[in-house]
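Quick notes on the structure that follows.
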There are 2 protein chains.
Amino acid sequence: MDSFAALADPVRRALLRRLAEGPARVVDLAAEHPISRPAVSKHLRVLGEAGLVSAADQGRERHYRLDRTGLEPLTAFLGELAAPAPPVPERALDGLELEVRRTGRDRRATARSTDHINDEETA
Amino acid sequence: MDSFAALADPVRRALLRRLAEGPARVVDLAAEHPISRPAVSKHLRVLGEAGLVSAADQGRERHYRLDRTGLEPLTAFLGELAAPAPPVPERALDGLELEVRRTGRDRRATARSTDHINDEETA
DNA sequence: ACTATTAGTAACTCATTGGTTACCAATACG
DNA sequence: CGTATTGGTAACCAATGAGTTACTAATAGT
């Protein structure tokens, strides 16, 4: 399932918002959302395939965390939808540009803002 | 159907990319894509409900065009997924520690050698 | 060694979606 | 007029998706 389809589900978006606050285990996420644990597990698998989350095993626990590299297709698509060559970009595009800069900044190296695209192996 | 679900379909994304180039009628879009005209019509309806396209009637023709305001939920969501500004970034701490040691030892050397602490703001 | 906890998978159900063909309404045009 | 063009809707079908319960595997803790 690609990033777009992965983001189509409101539960998965909620999970991502939650993971943006910090890593969590499956049981935690299931406790915070009105669905069963296997359902959360399946959502996390989808998000993992889309490159939106990554997991780290710690003993019997598995800690999931947000992987922002999976958002690249989204920002790329928004870029494609930008007006071809307007001398004065529209307001929506201003917001988009701001957003791209902001997601890149949290890697704490503003200078190399494109490194994060390939910084992890494919799942 | 919300914006996210609307963008989950690759055909709809292709339609939006096409409309980013300029307005088009249903027959045009159907000719450019490997699906029937009613299918295009249904996709356009979904995109319209999501606020991603708007239509203008001209006689018996209906001209669809991209409506970028429908992208706002997308950019908003990306904003929610941006890392909250870390209260105390690691690098700042490293710099602070260095600073403390140097200040205690030699005050004059400090001015020059700590320039890098703030150089991120210049980007 | 035994039990509780954590997490994934299997099998199933139900609803939704994306596509089709057939049909209808409205406008342009000879 | 009558006809072709344009576009939406209806009815239907196959595939997919999101959820459930039940089961299994592995690790932690006593």
Side-chain angles (χ1 to χ4, degrees), chain A residues 1-19 22-67 70 73-74 77 122-123, chain B residues 1-19 22-67 70 73-74 77:
Chain A
M1 189 176 290
D2 61 17
S3 321
F4 294 96
L7 291 177
D9 189 280
V11 172
R12 282 196 287 267
R13 291 198 297 276
L15 290 175
L16 290 178
R17 281 193 213 94
R18 165 60 183 84
L19 290 177
R25 302 171 303 162
V26 180
V27 275
D28 302 328
L29 297 171
E32 297 165 6
H33 295 274
I35 60 177
S36 68
R37 186 187 51 71
V40 171
S41 213
K42 288 206 290 185
H43 280 308
L44 288 171
R45 187 152 79 112
V46 170
L47 291 171
E49 286 170 6
L52 286 161
V53 304
S54 62
D57 284 1
Q58 283 187 21
R60 73 181 158 185
E61 300 182 351
R62 170 166 292 186
H63 292 249
Y64 284 91
R65 66 178 196 72
L66 176 63
D67 185 355
L74 261 222
F77 178 72
T122 56
Chain B
M1 189 175 290
D2 61 21
S3 321
F4 294 95
L7 291 178
D9 189 281
V11 172
R12 282 196 288 268
R13 291 198 298 275
L15 290 175
L16 290 178
R17 282 193 212 94
R18 164 60 183 82
L19 290 176
R25 302 171 304 161
V26 179
V27 276
D28 302 328
L29 297 171
E32 297 165 6
H33 294 274
I35 59 176
S36 68
R37 185 188 51 72
V40 171
S41 211
K42 288 208 290 185
H43 280 308
L44 287 171
R45 187 152 79 109
V46 169
L47 291 170
E49 285 171 6
L52 287 162
V53 303
S54 62
D57 284 2
Q58 283 188 22
R60 73 180 159 187
E61 300 181 350
R62 170 166 290 189
H63 292 250
Y64 284 91
R65 61 186 277 280
L66 177 62
D67 184 355
L74 265 223
F77 178 72

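Residue numbers begin at 1 in each chain, while the letters A, B, ... track the order of the sequences.
Ranked by how close their nearest DNA chain D nucleotide is to the 5' end, B/R25 and B/R45 are led by B/R25.
Candidate nucleotides D/dT6, C/dT17, C/dT6 were compared by shortest atom distance to the side chain of B/V27, and D/dT6 ranks first. Counting only heavy atoms from C-beta on, B/V26 has its side chain closest to D/dG7 among C/dT6, D/dG7, C/dT9.
Here B/S41 does not reach the OP1 or OP2 of D/dG7: none of its side-chain N or O atoms lies under 4.0 Å away. Within the 4.0 Å cut-off from OP1 or OP2 of D/dT6, not a single side-chain nitrogen or oxygen of B/Y64 is found.
Residues B/L44 and B/L19 share a closest heavy-atom pair of CD2-CD1, 4.4 Å. Of all heavy-atom pairs spanning A/V26 and A/S41, the tightest one is CG1-N, 4.4 Å. A pairwise comparison of heavy atoms in B/P73 and B/S3 identifies CG-OG, 3.5 Å as the closest pair. Contact detail for A/A8 and B/A8: the closest heavy-atom pair is CB-CB, 3.7 Å.
In the region residues 3-18 of chain B, proximity to DNA chain D at under 4.0 angstrom, judged on heavy atoms, holds for none of the residues.
Separating the CE atom of B/M1 from the C1' atom of C/dT16 is a distance of 8 Å, rounded to the nearest angstrom. Note: CG (A/L44) to P (C/dG8) measures 7 Å, nearest angstrom. In this structure, NE2 of A/H43 is placed 4 Å from P of D/dG19, rounded to the nearest angstrom. When rounded to the nearest whole Å, the span between CG of B/L47 and C1' of C/dT17 equals 14 Å. Atom CD of B/E49 is separated from atom P of C/dG18 by 12 Å (rounded to the nearest Å). Taking atom CG of residue A/L29 and atom P of nucleotide C/dA7, one finds them 9 Å apart after rounding to whole Å. As a whole-Å value, the separation of A/H33 NE2 from D/dA18 P is 15 Å. As a whole-Å value, the separation of A/H63 NE2 from C/dG8 P is 12 Å.
Between A/K42 and A/D9 there is no salt bridge, since no side-chain N of the basic residue sits under 4.0 Å from a carboxylate O of the acidic one.
With A/R65 contributing its side chain and A/A55 its backbone, the two residues share no donor-acceptor pair below 3.5 Å. Panel note: side chain A/R12, backbone A/A6; a donor-acceptor pair is recorded below 3.5 Å. Judged by distance alone, with hydrogens and angles left aside, the side-chain atoms of A/R25 form no donor-acceptor pair with the main-chain N or O of A/Y64 at under 3.5 Å.
Checked against A/L16 for a side chain to side chain contact (heavy atoms under 4.5 Å, CB included), the options A/V11, A/L7, A/D67 give a single hit: A/L7. Across B/R62, B/R37, B/E61, a single residue satisfies side chain to side chain contact (heavy atoms under 4.5 Å, CB included) together with B/V27, and that is B/R37.
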Report task. Scan nucleotides 21-30 of chain D nucleotide by nucleotide, 5' to 3', and note B when protein non-hydrogen atoms come under 4.0 Å of the base, S if they reach only the sugar-phosphate, - if neither. Result -> BB----BS--

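Residue-to-nucleotide contacts include a donor-acceptor pair under 3.5 Å from the side chain of B/K42 to the base of C/dG19.
In the displayed structure, A/R45 atom CZ is contacted under 6.0 Å by at most 12 heavy atoms of other residues, nucleotides or ligands. Enclosure of atom CZ in A/R17 by more than 12 non-hydrogen atoms of other residues, nucleotides or ligands within 6.0 angstrom is indicated.
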Query raised in the report: According to the Watson-Crick and G-U wobble definition with distances under 3.5 Å, which dot-bracket string, read 5' to 3', encodes DNA chain C, using [ ] for crossing pairs and | for pairs with another strand?
Result: ||||||||||||||||||||||||||||||

